[in-house]
Amino acid sequence: MKRPTYTLPSIVKKVFRSGERSLPRTEVCSRMEGNELNAFLNLDSAALLDKVLEQEQSPVRVGSSEAIVELTYQPHQLYDLAYRFLRDTLTPKKMDQIVAELRRQTQFGWNQIQRLLQLEKDPRFVQYQGDPRWFLAEWTLSNDQVFAFCRDNGITQVTTRSLVHFLEQEVGIAAEAAFLPVLDDRFRIDGERLYIIVRSEEPYEDESAVMEIAVTAASETIAKAEEEAKEDLTESGQTVQLLEEHHETTNPKEEKTMTTITEQNVLKEVQELMQKAIILLESRQQEMAQEVVDHFQQSNMQAIEVLMKEKHKHEQIVLGIEQVLATSEQQ
């Protein structure tokens with residue numbers, strides 16, 4: 001499951017309420033768990049807090065005792081100007097965009113602003129993993145609202161040209177709400193369309209399966225290939241049966257034993273090759289995840305779209321291989 005998730009420093013900053021400068025360590029952990037801020041991470045709240053405390057530009061530090069955690073943020077006019085910039089534009093910004101705006105508004109040089117403006121420490125600013133932009137902590141995330149609206153109304157795709165109108169006028173999300181489909185596996189961008197992926201929770205007759213409402217040519221190709229594979233298996237099975245009957249009449253015991261051993265060895269080798277194929281595809285998926293982040297930082301949406309198509313194709317292939325493996329293990 002992939003959902004937009006705050007960076008570790010942002011998770012810790014989110015637990016502090018307006019005006020709070022320090023909190024007991026136990027309260028920080030309790031609020032993280034209560035708000036499910038670490039729900040999509042393989043870290044418990046105590047371990048997460050320890051990791052953030054060890055970071056060089058950490059937003060928190062150990063207070064007067066080990067049991068107290070306090071913010072490291074020190075007020076400065078640059079932080080306030082950056083906050084107003086994001087609040088007035090209602091748009092997340094990259095650091096260089098913020099620096100450029102503050103350079104225009106003040107007499108500070110570019111290097112001075114970068115040195116003084118440590119947004120990691122200001123609790124008013126947060127980031128999401130995989131997204132280099134800065135958001136305001138007060139902004140809400142609309143992914144759940146958009147997905148629920150599309151699911152309840154049977155909407156499976158929206159053109160990217162009409163996305164802003166759709167979000168504001170039809171879904172009714174607030175102007176300051178963020179929508180991050182690239183960081184959420186319930187959505188997929190393909191060319192000029194945003195697809196909404198609704199997975200069925202109802203099991204099929206023979207197995208529990210996931211159905212994507214956004215049907216693609218890749219899934220149709222997989223289905224066709226599987227049908228052809230079944231026909232080939234049927235024909236091969238009939239041929240093997242005739243050969244076995246012939247062998248049994250000539251040398252029943254020895255030939256049957258050799259045939260069984262050969263079939264088992266071949267099947268095992270095929271299964272191992274398919275497992276290696278899955279490993280290779282999953283390894284490529286991890287590489288693409290980093291490539292998406294790199295392209296996102298460069299605002300190269302066309303490259304991201306190409307990677308998303310490749311990712312979807314890989315997922316369909318892995319699904320097909322897993323189905324064939326399941327069938328081979330049953331036989």
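- Considering only heavy atoms from C-beta on, Trp139 comes within 4.5 Å of Leu136 through its side chain.
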Working for salt bridge (Lys or Arg N to Asp or Glu O under 4.0 Å), residues Lys94 and Asp96: CA-CA 6 Å; Lys94 294 181 180 180; Asp96 58 353; over 6 Å; no
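- The cluster map of Ile, Leu, Val, Met, Phe, Trp and Tyr, joined by side-chain heavy atoms under 4.5 Å apart, puts Leu141 and Leu41 in the same cluster.
- Residues Val99 and Phe108 are members of one and the same hydrophobic cluster, defined by side-chain heavy-atom contacts under 4.5 angstrom among Ile, Leu, Val, Met, Phe, Trp and Tyr.
- Remark: the backbone N or O of Asn143 is not paired with any side-chain donor or acceptor of Asp184 at under 3.5 angstrom.
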Candidate pair Arg31 and Glu20, rule salt bridge (Lys or Arg N to Asp or Glu O under 4.0 Å), full reasoning: CA-CA 14 Å; Arg31 290 186 185 181; Glu20 292 180 336; 2.8 Å; yes
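- For the pair Gln105 (side chain) and Leu102 (backbone), a donor-acceptor distance under 3.5 Å is absent.
- Between Pro181 and the options Val158, Leu194, Val146, a side chain to side chain contact (heavy atoms under 4.5 Å, CB included) holds for only Leu194.
- The two residues Ile68 and Pro24 come nearest to each other via the heavy atoms CD1-CA, 4.1 Å.
- Linking Ile, Leu, Val, Met, Phe, Trp and Tyr residues whenever their side-chain heavy atoms come within less than 4.5 Å leaves Leu183 and Ile197 in two separate clusters.
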Trace of the side chain to side chain contact (heavy atoms under 4.5 Å, CB included) decision for Arg193 with Ile189: CA-CA 6 Å; Arg193 292 187 179 277; Ile189 298 176; over 6 Å; no
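- Side-chain contact check for Arg133 versus Gln127: every heavy-atom pair is 4.5 Å or farther apart.
- Of the possible polar contacts, one joining the Gln118 side chain to the Arg115 backbone as a donor-acceptor pair under 3.5 Å is found.
- With no hydrogens or angles considered, no side-chain donor-acceptor pair links Thr160 and Glu192 at under 3.5 Å.
- For the pair Val69/Val62, no side-chain contact is recorded, criterion being any heavy-atom separation below 4.5 Å from C-beta on.
- Counted by atom type alone, Gln97 and Glu101 present zero donor-acceptor pairs between their side chains at under 3.5 Å.
- Using a distance-only test at 3.5 Å, with no hydrogens or angles considered, a donor-acceptor pair links the side chain of Thr5 to the main chain of Arg3.
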Derivation of the side chain to side chain contact (heavy atoms under 4.5 Å, CB included) call for Gln57 and Lys121: CA-CA 7 Å; Gln57 296 296 336; Lys121 297 184 178 183; 3.3 Å; yes
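- The distance from the CG atom of Asn35 to the CD1 atom of Ile11 is 11.0 Å, given to the nearest 0.5 Å.
- Annotation for Arg161: atom CZ does not count as buried by contact number, only 12 or fewer foreign heavy atoms lying within 6.0 Å.
- Trp110 and Trp134 fall within the same hydrophobic cluster, defined by Ile, Leu, Val, Met, Phe, Trp and Tyr side-chain heavy atoms under 4.5 Å apart, directly or through other members.
- Side-chain contact between His76 and Leu116 is present, with heavy atoms from C-beta onward closer than 4.5 Å.
- Put simply, the side chain of Lys14 gets close to the backbone of Ala137: a donor and an acceptor are under 3.5 Å apart.
- Between Cys29 and Ser45, the shortest heavy-atom distance links the atoms CB-OG, 3.3 Å.
- Tested against Glu70, the residues Arg21, Arg25, Arg61 include a single salt bridge (charged side-chain N to carboxylate O under 4.0 Å, His left out) partner, Arg61.
- Two residues are said to be in side-chain contact when any heavy atoms from C-beta on lie closer than 4.5 Å; Arg87 and Glu176 fail this criterion.
- Hydrophobic clustering places Leu43 together with Leu37 (ILVMFWY residues linked when any side-chain heavy atoms are closer than 4.5 Å, directly or through intermediates).
- For the 3.5 Å distance criterion, the side chains of Glu120 and Tyr73 fail to qualify, holding no donor opposite an acceptor.
- Atoms CD and CZ, from Gln129 and Phe40 in turn, are 12.0 Å apart once rounded to the nearest 0.5 Å.
- Of the possible donor and acceptor atoms, none in the side chain of Asn153 sits under 3.5 Å from a partner among the backbone N and O of Ile155.
- Looking at Thr106, its side chain never comes within 3.5 Å of a backbone N or O of Arg103 through a donor-acceptor pair.
- A donor-acceptor pair under 3.5 Å is formed between the side chain of Thr91 and the backbone N or O of Thr89.
- Between the CD atom of Glu33 and the CG atom of Asp44 there is a distance of 7.5 Å, given to the nearest 0.5 Å.
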Derivation and outcome, side chain to side chain contact (heavy atoms under 4.5 Å, CB included), residues Phe16 and Val60: CA-CA 10 Å; Phe16 284 84; Val60 292; 3.9 Å; yes
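- Considering CZ of Phe135 and NZ of Lys93, their distance stands at 11.5 Å, rounded to 0.5 Å.
- By the 4.5 Å heavy-atom criterion applied to side chains, Leu117 and Met95 are counted as neighbours.
- Rounding to the nearest 0.5 Å gives a distance of 6.5 Å between CG of Leu167 and OG of Ser142.
- Under the 4.5 Å side-chain criterion, counting only non-hydrogen atoms from C-beta, Leu119 is in contact with Tyr79.
- Proximity of a side-chain donor or acceptor of Lys2 to a complementary backbone N or O of Val182 within less than 3.5 Å is detected.
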Check against side chain to side chain contact (heavy atoms under 4.5 Å, CB included), Leu81 and Tyr83: CA-CA 5 Å; Leu81 290 173; Tyr83 172 79; over 6 Å; no
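- The aromatic rings of Tyr6 and Tyr128 lie parallel to each other, with less than 30° between the two planes, well short of the 60° mark.
- Side-chain atoms of Ile278 and Ile321, non-hydrogen and from C-beta on, do get closer than 4.5 Å to each other.
- How far CD of Glu170 is from CG of Leu163: 10.5 Å, rounded to the nearest 0.5 Å.
- Counting only distance, with no hydrogens or angles, the side chain of Ser58 and the backbone of Val52 share a donor-acceptor pair below 3.5 Å.
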